[in-house]
Amino acid sequence: MTTKPNLNVTFCGVKFENPFLLSSSPVGNHAEMCARAFDAGWGGIVYKTLGLEESFKVVMPSPRLNAYNYGTKRFIGLQNAEQITDRNIKDNIADITALKKNYPKKVLVSSIMGYKEQDWETLAKMSEDAGADMLELNFSCPQMATKEGGYRVGQNFDAVERYTAATKRATKLPVMAKMTPNITDMLPVALAAKKGGADAIAAINTIRAITDIDIDAFVSLPNIHGNSGITGFSGAAAKPIGLRFVSELYNSKDLNLPISAIGGVETWRDALHYILVGGTTIQVTTAIMKYGYRIVEDMLEGLQDYMIAKNVKSLDELKGLVAKKLVDPSEFNTRYQVVSVIDENKCIGCGQCYIACQDGANQAIIFDSKKRKASVNEARCVGCTLCKHVCPVAGCITTKEVDTKTTKHAAIIE
């Protein structure tokens with residue numbers, strides 16, 4: 001019997017039994033929910049963001065969710081107008097205290113949001129006294145009903161530095177700053193958090209978006225009493241953006257902080273992708289809202305099976321392997337090009353590759369209407385692989401490499 005690999009990770013000096021955490025959201029809203037998540041096997045929880053009601057009283061809109069569907073594919077993304085917790089601070093602190101008492105070996109991260117330095121200090125101290133293992137500073141919620149909090153703060157380098165420094169003054173706990181993706185370049189604000197004393201970075205929060213429009217009522221969704229807003233988008237469709245930001249943060253020598261990766265994780269493969277671009281811990285929300293806490297079972301088993309197949313003993317061996325191979329486009333090796341190859345035996349004669357290449361690429365596909373088969377004019381093929389991606393038959397279209405030093409290729413114009 002093969003011994004399963006150890007999935008333990010150490011993040012900011014805190015040991016996690018596995019890298020999977022609930023992200024700060026409705027899935028970790030109170031003690032009963034968090035307890036069920038711990039029982040299901042999650043290594044940690046980032047509790048839903050705490051605030052001080054005397055500074056700002058949260059009142060949630062309704063309805064507050066809209067799923068993004070495309071064709072027959074449902075719920076590939078989710079737009080939400082959720083804010084931080086609307087529960088009072090006393091009850092939330094009591095829940096954190098109870099959770100740490102009942103699950104002392106599990107990691108609980110307290111997410112906090114203040115509106116002035118004193119708020120951050122107060123919430124940090126309350127969280128530490130309640131037994132939290134770490135703090136996450138929410139600089140990134142895209143739909144707070146106050147301009148003094150959320151992503152607007154996360155776009156203000158000075159505010160991020162000041163509020164991080166205020167939090168660090170009030171606590172001895174490790175602190176990670178949660179970044180907004182609603183910014184052109186995340187690195188400067190992450191560096192501001194580091195300057196303020198942040199021990200780690202969490203990325204990304206949700207992306208400001210509009211997911212659907214009611215073309216009869218002339219309002220985007222969710223329709224909140226005749227109006228709507230540009231609010232946070234998450235789920236599988238957001239993953240490519242999350243991977244981009246996490247890899248950029250990981251590759252920054254100036255930042256050099258551990259990263260808690262977030263954005264579109266539904267499977268163990270998604271989690272592995274984030275580890276490969278530099279994430280140490282992996283946070284999840286939208287997939288839990290779709291499938292429940294038990295998805296962690298698949299993620300744990302799948303990751304362990306992959307590690308066994310690759311003879312990997314620790315997740316540290318995998319961290320950043322892909323990020324290290326990300327280069328500027330100016331550094332791409334263009335000597336070696338590819339051309340497409342179509343397997344005639346697998347071709348079903350649908351003509352999709354021909355249409356795509358004719359109208360969207362380099363007119364390199366030849367379609368024999370009598371045989372109902374496609375082939376490639378290699379002299380015209382630039383190796384873009386559009387044909388491969390539109391083909392409905394797996395493995396029908398592949399590529400072969402061409403050394404342009406010895407073979408003429410359409411992508412090299414002389």
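For residues 183-203, the pairs satisfying side chain to side chain donor-acceptor pair (under 3.5 Å) are Lys168-Asp199, with sequence neighbours left out. Applying the salt bridge (Lys or Arg N to Asp or Glu O under 4.0 Å) test to every pair with at least one member in residues 213-241, sequence neighbours left out, gives these pairs: Lys239-Asp270. Applying the salt bridge (Lys or Arg N to Asp or Glu O under 4.0 Å) test to every pair with at least one member in residues 85-109, sequence neighbours left out, gives these pairs: Glu17-Lys106, Arg87-Asp95, Lys100-Asp133.
Under the rule for a side chain to side chain contact (heavy atoms under 4.5 Å, CB included), the partners of Cys387 that lie at least two apart in sequence or sit in another chain are Ser340, Cys353, Ile365, Ile397. For Arg294, the side chain to side chain contact (heavy atoms under 4.5 Å, CB included) partners two or more places apart in sequence, or in a different chain, are Glu297. With sequence neighbours excluded, the residues satisfying side chain to side chain contact (heavy atoms under 4.5 Å, CB included) with Asn333 are Arg335, Tyr336. For Thr164, there are no side-chain hydrogen bond (donor to acceptor under 3.5 Å, both in side chains) partners, not counting sequence neighbours. Residues forming a side chain to side chain contact (heavy atoms under 4.5 Å, CB included) with Ala124 (at least two apart in sequence, or on another chain): Ile112, Leu135, Thr167, Ala170, Thr171. Scored by the ring-ring contact (aromatic ring centres under 6.0 Å, His included) test, Trp120 finds Phe139, Tyr163 as partners (sequence neighbours excluded). Take Phe56 and apply the ring-ring contact (aromatic ring centres under 6.0 Å, His included) test, not counting sequence neighbours, and it matches Tyr115.
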Residues 32-41 side chain polar contacts: donor-acceptor under 3.5 Å, at least two apart:
residue	atom	partner	partner atom	Å
Glu32	OE2	Arg36	NE	2.7
Asp39	OD1	Tyr103	OH	2.9
Asp39	OD2	Tyr103	OH	3.2

For a quick test of your reading: what N or O donor-acceptor pairs under 3.5 Å do the side chains of residues 301-311 make, sequence neighbours left out?
residue	atom	partner	partner atom	Å
Gln304	NE2	Pro5	O	3.1
Asn311	OD1	Lys313	NZ	3.4

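The side chain to side chain donor-acceptor pair (under 3.5 Å) test with Ser25 is passed by exactly one of Asn205, Thr286, Thr285, Thr49: Thr285.
Environment of CD in Glu53: crowded, with over 12 heavy atoms of neighbouring residues, nucleotides or ligands closer than 6.0 Å.
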